[in-house]
Amino acid sequence: SQTFNSCKGLTRADLSQSAIHTIESSSFQYCSNLSEVTLPDSLLIIKNSVFNSTGIESVILPPQLKEIGGKAFYDCKKLNKIIFTNPTPAKLNYQRSLYDYPICFTKTDTIFVPSGCRQAYINGGYLSGSIKYIIEWHAVDLSVIGQGTCKVDAPTYIIAGDKVQLNPVAAEDWELDEILLIDQLGNIQTIDEPYLFEMPETNVTARVKFKEIVPSLIQEIEQPVASARAVKVIIDKRIYIMRNGILYDLNGKIAKHKQ
């Protein structure tokens, strides 16, 4: 079905809310002003010449994609960024009678694939046609401990060497304790202020730990007890602080003990 074939007025195609599994052959072929396309996660097959000779500048191919037809992105002169999200490479189809290599892409020399999947894409025949480089993209997973949040300021698909900014925000009465960066090889790095790091060549986990701010009661009992603000109490050989009628342990938390 050549649904939008040669439609010069089409500049954007957002299919993200659809549940389609296949885009039929030549559906957007020769839509020379089509610069932006968003594909649905449900998509399994892109048939022959679907985006042939369009003005697409970048495309993110969905995580379940299984098949890309011949000339699917043929002669897309502005296409400079193709991101694959499926760890398993989609099958590249082409006509052996006309070409001795997959000719799905002809105007871009680089594709981006999930971390650890470069060899699988090489084995799948992706170093062919105009493609000369297969670069792995990586992800930052957040592990937040305690009360607070942390945002990651970086591209969605990060490549090694990209700068990643972490922006931790502690909840009231909490403060940042530490940020540890853990890569897939088990290497651990402490990230200090301004919480900026360079992406390594693997996925990483940013472990952001917040700690509760504890009132300093011990300093107060060093002052004369006559102030009546804090009183040192010993119960069962344990030291507590009595303050305003409330019993605290030495960490500043309300103490629980047997009467």
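Since the structure is predicted, the reported quantities are computational estimates derived from the model, not experimental observations.
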Can you measure from [atom1] ([X]) to [atom2] ([Y]) and round to the nearest 0.5 angstrom?
X      : Y      : atom1 : atom2 : answer
Ile82  : Ile60  : CD1   : CD1   : 12.0 Å
Arg12  : Cys31  : CZ    : SG    : 15.0 Å
Glu198 : Leu181 : CD    : CG    : 11.5 Å
Thr54  : Lys78  : OG1   : NZ    : 10.0 Å

Inset, instruction - Check Ile179, Ile145, Ile188 against Arg207 for a side chain to side chain contact (heavy atoms under 4.5 Å, CB included) and give me the one that passes. - result: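 Among Ile179, Ile145, Ile188, the one that satisfies the side chain to side chain contact (heavy atoms under 4.5 Å, CB included) with Arg207 is Ile145.
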With the 4.5 Å side-chain cut-off for hydrophobic clustering, are [X] and [Y] part of the same group?
X      : Y      : value
Ile46  : Phe112 : no
Leu44  : Ile23  : no
Ile191 : Val208 : yes
Phe73  : Leu15  : yes

Legend entry - Residues which pass side chain to side chain donor-acceptor pair (under 3.5 Å) with Gln184, listed by chain and number, not counting sequence neighbours: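 Not a single residue meets the side chain to side chain donor-acceptor pair (under 3.5 Å) criterion with Gln184.
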Inset, instruction - Taking atom types as modelled, find out whether Ser115 and His138 have a side-chain donor-acceptor pair closer than 3.5 angstrom. - result: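 Yes, a side-chain donor-acceptor pair sits under 3.5 Å.
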Legend entry - Under 3.5 Å side-chain donor-acceptor pair for Asn86 and Gln64: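 Short answer, no.
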Inset, instruction - List the atom of Gly146, the atom of Trp174, and the distance in Å for their closest heavy-atom pair. - result: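 Minimum heavy-atom separation between Gly146 and Trp174: CA-CZ3, 3.8 Å.
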Inset, instruction - Considering only NZ, NE, NH1 and NH2 on the basic side and carboxylate oxygens on the acidic side, decide whether Lys77 and Asp75 come within less than 4.0 Å. - result: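 Yes, charged N to carboxylate O under 4.0 Å.
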Legend entry - Gln165 atom CD, over 12 foreign heavy atoms within 6.0 Å: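 Yes.
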Inset, instruction - Measure up the Tyr157 and Trp137 rings against each other and bin them: parallel (under 30°), tilted (30 to 60°), perpendicular (over 60°). - result: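 Plane angle over 60°, so perpendicular.
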Inset, instruction - Would you sort out whether Asn80 and Glu57 count as a side chain to side chain donor-acceptor pair (under 3.5 Å), showing the intermediate values? - result: CA-CA 6 Å; Asn80 56 37; Glu57 298 173 6; over 6 Å; no
Inset, instruction - Using the ring pair (Phe, Tyr, Trp, His ring centres under 6.0 Å) rule, take Tyr126 and Phe84 through it: C-alpha gap first, then chi angles, then the decisive distance, then the call. - result: CA-CA 11 Å; Tyr126 278 78; Phe84 289 81; 5.3 Å; yes
Inset, instruction - Mind running salt bridge (charged side-chain N to carboxylate O under 4.0 Å, His left out) on Lys91 and Glu67 for me, showing each step along the way? - result: CA-CA 5 Å; Lys91 179 183 178 182; Glu67 185 177 315; 5.7 Å; no
